[in-house]
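The structure appears right after this line, and notes come after that.
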Amino acid sequence: MSMVNQIKQAFEKHFSPAPIMVKSPGRVNLIGEHTDYNNGFVLPSAIDKYVYFAVKPNGLDEYRFLAYDLNSRFSTSSRRIEPCDKPWANYLLGVIAQMAGHGKNIPGFDCVFGGNIPMGAGLSSSAAIECGLAYALNHLYNFGYSQLELALLSQKAEHEYAGVQCGIMDQFAVLFSRSDHVIKLDCQSLDHEHYKLDMSHLSIVLVNTGVKHSLASSEYNRRRMECQKGVDILKRESDGIRSLRDVSMDLIVKNRHKFDETILKRCTYVLEENERVIAACDCLANGDFNAFGQLMYQSHYGLRDKYQVSCAELDRLVELTEPMDGVLGARMMGGGFGGCTINLVENNHLDNFKQLITNEYKTPDSSNPEIYTCTLGGGTRLA
Ligand code: GLA
């Protein structure tokens with residue numbers, strides 16, 4: 001039975017017939033990591049892995065949730081919304097709290113959700129969950145939120161209920177993606193452009209280190225602060241600086257004696273990564289995937305050496321691809337400290353790639369790594 005039908009059936013078994021069904025995708029990011037909260041550029045897309053939602057009003061003063069994959073339930077009074085000790089429920093409560101904060105009346109409802117986005121793999125299952133519920137409630141109760149408003153409120157839900165001061169990339173990608181396209185998003189203006197990716201001879205392949213990124217939220221928030229420190233130093237030296245987006249490499253070089261080494265590394269990485277995203281989009285426009293792949297490697301080395309959000313397993317997976325035929329690019333993806341690498345592989349080398357990776361890499365619990373080939377899909381929608 002398809003996943004969407006499993007979720008619907010579970011809903012009807014536990015609650016009542018005929019819920020609305022929504023599917024909300026995970027995302028990849030081809031290049032532009034840790035740039036979003038620095039008002040820079042990113043190049044993500046949704047993929048063909050989803051969290052499915054079944055939702056229906058229940059006529060009660062209660063929100064009742066079932067996390068299908070975890071077989072875990074949670075319910076709470078609709079009169080009082082606050083964070084709870086079930087991590088998965090906080091993503092959902094965070095969305096409700098945002099809408100309630102806008103003065104929306106959200107009558108009680110039942111919700112079952114589950115799907116096939118691996119958790120803790122850096123594919124943003126959290127944004128898929130937030131945006132999926134936000135989309136479903138907007139549809140069900142005719143709140144009239146725009147897609148952009150849904151993305152922004154889902155991001156705030158993550159800040160306030162999951163404690164991660166994330167940028168806008170994930171929620172934007174989850175809601176705005178189109179099949180076969182990546183989005184070049186300017187995280188300062190939120191201007192965006194869809195680039196069609198001709199993938200007839202190439203595949204996007206994810207390799208899961210099997211390391212759950214548990215350090216991610218504390219180190220993530222620390223990186224944000226380190227970048228802000230850099231901005232604060234440069235603000236004193238030049239007018240009109242609000243973020244690293246307003247900073248040139250010249251300005252950093254001129255003031256380098258005012259930075260400690262760590263802050264200097266973080267800031268130069270961000271400026272270089274923004275340049276790489278712009279260069280990568282030029283490569284897409286010219287169909288030059290070889291040069292695009294080289295930029296992916298450069299991105300990884302920057303994340304490893306200057307931004308220091310990689311880990312031994314991610315580095316190993318990238319290193320293994322360096323001598324391989326048919327691998328155009330590879331890098332760690334997402335927040336870091338575990339999760340997946342993203343690889344651009346020529347289709348006629350795909351089997352070889354999988355074989356070599358499986359021979360050479362074992363996860364920390366000594367099993368073969370999970371390898372997913374994904375296609376670029378559309379954003380959150382009715383299923
Ligand atoms: C996480 C965050 C995003 C982004 C990436 C790193 O996925 O949710 O906002 O900062 O890390 O690029």
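The first residue in the sequence is number 1, and the count goes up from there. Whatever order the structure lists them in is the order used to number ligands and atoms, beginning at 1. These numbers were taken from a predicted model, which means no experiment stands behind them.
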I'd like to know if [X] and [Y] make a salt bridge, using a cut-off of under 4.0 Å between side-chain N and carboxylate O.
X: Lys229; Y: Glu226; answer: no
X: Glu33; Y: Arg331; answer: yes
X: Arg80; Y: Glu82; answer: yes
X: Asp170; Y: Arg27; answer: yes

Pairwise, report which nitrogen or oxygen atoms of ligand 1 are under 3.5 angstrom from protein nitrogen or oxygen atoms, and how far apart they are.
unit_1, atom_1, unit_2, atom_2, d
ligand 1, 7 (O), Arg27, NH2, 3.0
ligand 1, 7 (O), Asp170, OD2, 2.9
ligand 1, 8 (O), Asp170, OD2, 2.6
ligand 1, 9 (O), Asp36, OD2, 2.5
ligand 1, 9 (O), Gly167, N, 3.0
ligand 1, 9 (O), Tyr220, OH, 3.3
ligand 1, 10 (O), Asp36, OD1, 2.7
ligand 1, 10 (O), Asp36, OD2, 3.4
ligand 1, 10 (O), Tyr220, OH, 2.6
ligand 1, 11 (O), Gly335, N, 3.4
ligand 1, 12 (O), Glu33, OE2, 2.7
ligand 1, 12 (O), His34, N, 2.6

Any residue meeting salt bridge (Lys or Arg N to Asp or Glu O under 4.0 Å) with Glu360, in chain and number order, not counting sequence neighbours: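 Counting only residues at least two positions away or on another chain, Glu360 forms a salt bridge (Lys or Arg N to Asp or Glu O under 4.0 Å) with Arg316.
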May I ask you to decide if the ring planes of His34 and Tyr37 are parallel, tilted or perpendicular, using 30° and 60° as cut-offs?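 Perpendicular, since the angle between the ring planes exceeds 60°.
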